[in-house]
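Atom set for the values below is all heavy atoms of this structure, side chains included, hydrogens, waters and symmetry mates excluded.
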Amino acid sequence: MSERHWQRPALASTALALLGATAVAGCGGPASTSQASATHAAGRAQSLTAAQLKGALLTKVGTARPAAPAEAGDYGALPDVQTSKQTMHSVKVTPARCAQATVAGFNSAAFTHAPASVVTFRVGRDGVSEVLVSATPDVAQSALGNKLPAGCEHYTASVGGKTYHYSVKQSPIAGLGNEARALNVKAAGYSQVNVWSVVYRADGFVGAVTVVGPDASQASAKKLASQAYAYAHQSLS
């Protein structure tokens with residue numbers, strides 16, 4: 001979800017980048033040796049192509065059509081992922097460890113070269129995105145295996161000479177794919193900076209749906225994620 005699709009304030013971009021849940025998220029910090037090994041293993045075992053994943057994305061949300069053509073390619077090379085990585089270069093997070101909090105896990109190096117596709121929509125006052133990434137069972141598990149570090153439920157982010165206060169929470173969701181989790185990032189005092197994302201793993205891929213805006217809620221994100229999973233599962237089976 002980039003600014004070419006709709007306008008959003010810098011603090012919303014920061015929240016999205018920190019969320020690390022969708023194709024608006026970066027790929028985290030420098031890869032460790034174990035992460036590099038995971039990347040290599042993932043590269044050997046990928047089965048779904050970016051083109052297949054693109055064909056499994058939602059084509060509309062309600063009556064809304066995509067705000068721009070879907071992107072497809074290596075996850076780490078998608079334009080929106082690159083944008084979020086660049087956004088984080090100018091952000092100072094306190095506590096610093098929260099900047100690399102793998103809330104959703106897509107910032108693992110194992111996803112960098114994985115085939116992926118993303119599509120964005122404008123729905124009322126909210127922005128919506130869906131991302132699908134090809135993944136082996138082990139890599140898919142890593143997307144939901146990391147938990148929010150202690151002390152990162154609240155943090156501040158300084159960007160453009162201003163400091164904003166964010167809160168983060170996560171919770172498991174039953175009955176969606178093999179495993180799923182809801183994530184929320186909010187900026188205090190800014191109703192439009194309310195980010196709800198549902199991340200799930202399935203057989204051969206992981207997916208995430210993110211809703212950003214004043215009308216975003218866990219219920220709406222979960223409903224949309226259920227629809228997205230059902231369509232992707234049918235299309236990729």
Report yes if some heavy atom in the side chain of V198 is under 4.5 Å from a heavy atom in the side chain of I173; otherwise report no. yes
Distance from D215 atom CG to R125 atom CZ, nearest 0.5 Å? 4.0 Å
If every non-hydrogen atom of A64 is compared with every non-hydrogen atom of F121, which pair is closest and at what distance? O-CD2, 3.6 Å
Could you report the tightest heavy-atom contact between A216 and D126, atom names first, then the distance? N-OD2, 3.4 Å
Exercise: identify the closest heavy-atom pair between L132 and G207: CD2-CA, 4.0 Å
Apply side chain to side chain contact (heavy atoms under 4.5 Å, CB included) to A72 and list each qualifying residue two or more places apart in sequence or on a separate chain. A50, K54, S117
For Q52 and S47, the nearest pair of non-hydrogen atoms, with its separation, is OE1-O, 3.8 Å
Sequence neighbours excluded, which residues qualify as side chain to side chain contact (heavy atoms under 4.5 Å, CB included) partners of P95? R97, C98, Y155
Partners meeting side chain to side chain donor-acceptor pair (under 3.5 Å) with D203 (sequence neighbours left out): N178
Residue list, side chain to side chain donor-acceptor pair (under 3.5 Å) with S167, at least two apart or on another chain: none
Indicate every side-chain donor-acceptor pair of residues 217-228 with a distance under 3.5 Å to a residue at least two apart or in another chain.
| residue | atom | partner | partner atom | Å |
| --- | --- | --- | --- | --- |
| S217 | OG | S220 | N | 3.1 |
| S217 | OG | S220 | OG | 3.1 |
| S220 | OG | S217 | N | 3.2 |
| S220 | OG | S217 | O | 3.0 |
| S226 | OG | K222 | O | 3.0 |

W196 vs N194 side-chain heavy atoms within contact, under 4.5 Å: yes
Among V119, V128, T120, find the one that has a side-chain contact (heavy atoms from CB on, under 4.5 Å) with P66. V119
Which atom names give the shortest non-hydrogen contact between A56 and Y231, and what distance separates them? O-CD2, 3.2 Å
Whether E130 side chain and L58 backbone form a donor-acceptor pair below 3.5 Å: yes
Set of residues satisfying ring pair (Phe, Tyr, Trp, His ring centres under 6.0 Å) with respect to H233, sequence neighbours excluded: Y229
Less than 4.5 Å apart, side chain to side chain, heavy atoms only: is that true for L236 and L53? yes
Backbone N or O of P115 within a donor-acceptor pair of the D74 side chain at under 3.5 Å? no
Close side-chain approach of V133 and F205, heavy atoms under 4.5 Å: no
Nearest-0.5 Å distance that lies between atom OG in S129 and atom CD in E71: 10.5 Å
Taking only residues two or more places apart in sequence, or in another chain, which ones meet T94 in a side chain to side chain contact (heavy atoms under 4.5 Å, CB included)? T156
Pairwise side-chain contact, R181 with S171, heavy-atom cut-off 4.5 Å (strictly under): no
S158 meets the side chain to side chain donor-acceptor pair (under 3.5 Å) criterion, sequence neighbours left out, with T163
Minimum-distance pair of heavy atoms, taken over all atoms of V206 and A135: CG1-CB, 4.4 Å
Residue pair T210 / V195, side-chain heavy-atom distance below 4.5 Å: yes
Residues which pass salt bridge (charged side-chain N to carboxylate O under 4.0 Å, His left out) with R65, listed by chain and number, not counting sequence neighbours: none
